Number of protein chains: 2
Amino acid sequence: MRSVEGKMDVAGLLKRAGLRPTRQRMALGALLFGSGDRHLTAEMLHMEAIQHSIPVSLATVYNTLHQFTEAGLLREVAIEGSKTYFDTNTSDHHHFYFEHDGMLMDIESEMVPVMTMPEPPEGMEISRVDVLVRLVAKRQPQEG
Amino acid sequence: MRSVEGKMDVAGLLKRAGLRPTRQRMALGALLFGSGDRHLTAEMLHMEAIQHSIPVSLATVYNTLHQFTEAGLLREVAIEGSKTYFDTNTSDHHHFYFEHDGMLMDIESEMVPVMTMPEPPEGMEISRVDVLVRLVAKRQPQEG
DNA sequence: CTGTGTGCAAACTCTTTGCATAAGT
DNA sequence: ACTTATGCAAAGAGTTTGCACACAG
């Protein structure tokens with residue numbers, strides 16, 4: 001459980017990950033990890049930072065997101081199209097993708113009753129399994 | 001079964017899809033559908049066409065791939081990173097992704113013993129489920 | 001002080017678009 | 001002939017990079 005609303009030890013998080021707790025990393029870390037699981041693009045996080053009066057450049061946001069990802073604090077989510085999403089939930093889980101608005105939501109493990117993995121080919125091993133469940137709004141029973 | 005090595009009715013395929021059987025579409029269609037299931041990017045298909053002395057521009061390759069996709073002849077595969085892959089296998093199936101070389105391979109349904117779907121949220125319905133199994137080379141037991 | 005991080009802007013990759021020309025029916 | 005497709009090159013989106021300055025330890 002690390003979705004504490006108020007204070008959280010971002011500095012410790014960064015240090016443990018071997019990253020210097022600089023102003024920008026602290027601020028971005030607070031935005032990312034301060035309020036439950038989130039799914040953001042670099043641009044979204046940048047805009048959010050600006051709104052919170054955190055002076056940070058888009059390039060630094062990209063750098064920071066990648067550094068966090070390499071440190072295991074974030075996970076990249078594969079969605080077709082150009083935008084890259086980063087997920088603050090690094091545990092083994094999957095995603096719902098709302099096609100109409102591009103929103104992303106974690107799939108709680110209870111919602112996946114059974115999920116057996118296929119056998120990898122000879123000499124290969126599975127590094128990760130990404131499951132993306134694409135959703136569209138259910139049509140109202142209006143007409144055929 | 002449409003993985004016939006030699007002749008295949010690309011013209012009919014296009015006509016049925018409501019697409020004019022032009023030189024470029026015929027040629028690209030033959031490359032795409034003429035030899036089993038394939039996973040290609042626009043650039044890969046373009047290079048292949050050039051090698052086969054098929055004069056076609058990259059822009060036309062992109063257009064054609066999207067037209068084929070809309071017509072249901074291809075399926076886009078979501079992989080993180082910038083490149084978009086197109087899969088000639090439009091049936092319900094999943095993928096192995098070889099991280100070291102970016103290669104893609106279909107997962108035969110026999111290899112997935114059980115795969116139950118999560119319940120979609122209220123008012124939503126599943127339009128598709130993408131499963132990407134990421135593979136890395138198994139480390140040889142050389143040292144710790 | 002020393003080294004790493006940051007900002008800026010330019011570069012880069014992949015993809016899409018506009019318009020004149022060419023090809024298909 | 002009339003319509004739709006193609007080629008080219010330029011534009012566009014998202015992301016990365018290089019270098020001088022600023023900040024953390």
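Naming convention: chains lettered A, B, ... in sequence-line order (proteins, then strands); numbering from 1 in each chain. Because the structure is predicted, anything quoted here is derived from the model rather than measured.
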Pair A:R38 + A:E48, salt bridge at N-O below 4.0 Å: yes

Could you check whether A:R75 pairs with A:D92 (Lys NZ or Arg NE/NH1/NH2 to Asp/Glu carboxylate O, under 4.0 Å)? no

Whole angstrom value for the distance that separates [atom2] of [N] from [atom1] of [X]:
X	N	atom1	atom2	value
B:Q67	C:dT15	CD	P	16 Å
B:Y85	C:dT13	OH	P	16 Å
A:R25	C:dT4	CZ	P	11 Å
B:I79	C:dC14	CD1	P	14 Å
B:E43	C:dC12	CD	P	16 Å
B:L40	C:dC14	CG	C1'	16 Å
A:K83	C:dT16	NZ	C1'	15 Å
A:I54	C:dG5	CD1	P	19 Å

5' to 3' contact window, DNA chain D with chain A (heavy-atom distance under 4.0 Å): D:dG14 to D:dG25

Between [X] and [Y]: side-chain donor-acceptor atoms closer than 3.5 Å:
X	Y	answer
A:H94	A:D130	no
B:H93	B:D87	yes
B:E99	A:S127	yes
B:N89	B:H39	no

OP1 or OP2 of C:dT13 under 4.0 Å from side-chain N/O of B:S82: no

B:T41 near the nucleic acid: base, sugar-phosphate alone, or nothing, with a heavy-atom cut-off under 4.0 Å? nothing

Once you apply a heavy-atom cut-off of 4.0 Å, does B:H66 come out as touching a base, just sugar-phosphate, or nothing? sugar-phosphate

Base-contact (B) and sugar-phosphate-only (S) positions in nucleotides 18-25 of chain C, heavy-atom cut-off under 4.0 Å, - elsewhere: ------SS

Path from B:F96 to B:M103 over hydrophobic side-chain contacts below 4.5 Å: yes

To the nearest 0.5 Å, atom CG of A:L31 lies from atom CE of A:M44 at 12.5 Å

What is the ring orientation for B:Y62 with B:H66, classed by angle as parallel under 30°, tilted 30 to 60°, or perpendicular over 60°? tilted

